[in-house]
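Only a predicted model underlies this, so the values are computations on that prediction, with no experimental measurement involved.
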Amino acid sequence: MRRIVPALALLAVLATACGDALRGVGDLSRDFVYAGVSSTTTTTVAEGPQLNLQGITGATWVNDGLDAGVGLEPEQLIANVWNRGTQSSEFVQASRREIAAALPGIEFPRLTPAGVTHVSSQLVFDLQTATLAPSTAAAFGLWVGAPYELPRNEAQLAVLRVGLDEFDDLPVGEIFSVRVAGGRELSWVKGDYVYQLFCRTGVTEESCFAIAESTTPLSILSILN
């Protein structure tokens, strides 16, 4: 179910649920903040090529060579990833297998904007506790070309942030949509997690919803390519 809520109510919901989630993402999303909340009616997703989407299976996951001990208990794997980082940045590069093991049941979209060739992925930590940050425990960037080689506003078409579902303000089964500087943000709860998908301007609202609605367990996607 999709939902557009009044501007003030939605800002209150997202402020509670997101915390500082908009900053960072490995310095991937520092260039957008909430602005211009939309209260327009959401239309049904159209089918067909006009959505300008493609499957995720052909994309290159740039961190898939990393392995901090997949098969270990999640707590130990998370500690190993933390120790691989600098301990001064909350964002630590991590493979999709590591993220799937650290956050059992986490999902990722099967669809991406057309032209996406690379995916960056990180686990996100609370620097004080060296544990995963509740508001954003994992972050993913969807890129046209290798990450960071071109300006973010040209090459990064979407960002997905996933936090722990410790908030009661987002009803399960509903996707909330809000316009933000540089694009659109969708937020929803599924399973144990809160998902926040930023689609940059140029990715239509219908396409952004289609991406959000295409999520499947990351553990399955990890073995497809």
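Inspection of the S219 and S222 side chains reveals no N or O donor paired with an N or O acceptor under 3.5 Å. With hydrogens and angles left out, the side-chain atoms of S177 and R184 include a donor and acceptor closer than 3.5 Å.
Closest heavy-atom contact between A102 and P74: O-CB, 4.1 Å. R84 and A68 get closest at one heavy-atom pair: NH1-CB, 3.7 Å. Of all heavy-atom pairs between T117 and G145, the closest is OG1-N, 2.7 Å. The two residues G105 and Y193 make their nearest non-hydrogen contact at C-CE1, 3.8 Å.
How far CD of Q156 is from CZ of F198: 7.5 Å, rounded to the nearest 0.5 Å. Note that CZ of R200 and CG of N153 are 6.0 Å apart. Values are rounded to the nearest 0.5 Å. Summarising the geometry, atom CZ belonging to F91 is positioned 12.0 Å from atom OG1 belonging to T86; distances are rounded to the nearest 0.5 Å.
Looking at K190 and E213, no side-chain N of the basic residue comes within less than 4.0 Å of a carboxylate O on the acidic one, giving no salt bridge. The residues R161 and E185 are annotated as salt-bridged, a charged nitrogen and a carboxylate oxygen being separated by less than 4.0 angstrom.
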side-chain contact (heavy atoms from CB on, under 4.5 Å), that's the test. Do L103 and L132 meet it? Break it down for me.
CA-CA 10 Å; L103 297 168; L132 294 181; 3.7 Å; yes

Please step through side-chain contact (heavy atoms from CB on, under 4.5 Å) for the pair L197 and C208, ending with a clear verdict.
CA-CA 8 Å; L197 175 66; C208 199; 3.8 Å; yes

Run the side-chain contact (heavy atoms from CB on, under 4.5 Å) check on E205 and R179 step by step: do they pass?
CA-CA 10 Å; E205 184 178 11; R179 265 186 279 186; over 6 Å; no

Would you please test Q87 and L127 for side-chain contact (heavy atoms from CB on, under 4.5 Å) and show each step?
CA-CA 7 Å; Q87 287 80 58; L127 295 180; over 6 Å; no

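With S121 contributing its side chain and A94 its backbone, the two residues share a donor-acceptor pair below 3.5 Å. In terms of modelled atom types and a separation under 3.5 Å, the side chain of E154 and the main chain of P151 share no donor-acceptor contact. Side-chain N or O atoms of S214 include one that pairs as donor or acceptor with a backbone N or O of R110 at under 3.5 Å. With hydrogens and angles ignored, the 3.5 Å screen pairs a side-chain donor or acceptor of Y195 with a backbone N or O of E107. Of the possible donor and acceptor atoms, none in the side chain of T136 sits under 3.5 Å from a partner among the backbone N and O of A138. Q54 places a side-chain N or O within 3.5 Å of a backbone atom of G115 that can act as its donor or acceptor partner.
In this structure the side chain of I56 reaches within 4.5 angstrom of the side chain of V119, judged on heavy atoms. Between W188 and V194 the shortest side-chain heavy-atom distance does not fall below 4.5 Å. Using a 4.5 Å cut-off on side-chain heavy atoms (C-beta onward), C199 and L157 make no contact. In this structure, W143 and T60 have side chains that are not in contact, with every pair of non-hydrogen atoms separated by 4.5 Å or more. Side-chain atoms of I99 and I106, non-hydrogen and from C-beta on, do get closer than 4.5 Å to each other. A 4.5 Å side-chain heavy-atom check between F209 and L51 finds every atom pair outside the cut-off. Contact check for I211 versus L53: side-chain heavy atoms found under the 4.5 Å cut-off.
Sorted by first and then second residue, the ring pair (Phe, Tyr, Trp, His ring centres under 6.0 Å) pairs with a member in residues 54-87 read W61-F108, W82-F125; sequence neighbours excluded. Residue pairs meeting the salt bridge (charged side-chain N to carboxylate O under 4.0 Å, His left out) criterion with at least one partner in residues 112-122, sequence neighbours excluded, do not occur; the list is empty.
A continuous path of ILVMFWY side-chain contacts below 4.5 Å connects V70 to I78, so both sit in one hydrophobic cluster. Residues L123 and V62 are members of separate hydrophobic clusters, defined by side-chain heavy-atom contacts under 4.5 angstrom among Ile, Leu, Val, Met, Phe, Trp and Tyr. Hydrophobic cluster membership differs between V92 and L66, with clusters built from Ile, Leu, Val, Met, Phe, Trp and Tyr side chains linked at under 4.5 angstrom. If you chain together hydrophobic residues whose side chains sit under 4.5 Å apart, L164 and L77 fall into the same group.
By the salt bridge (charged side-chain N to carboxylate O under 4.0 Å, His left out) test, R96 is found to be paired with D64, residues two or more places apart in sequence or in another chain being considered.
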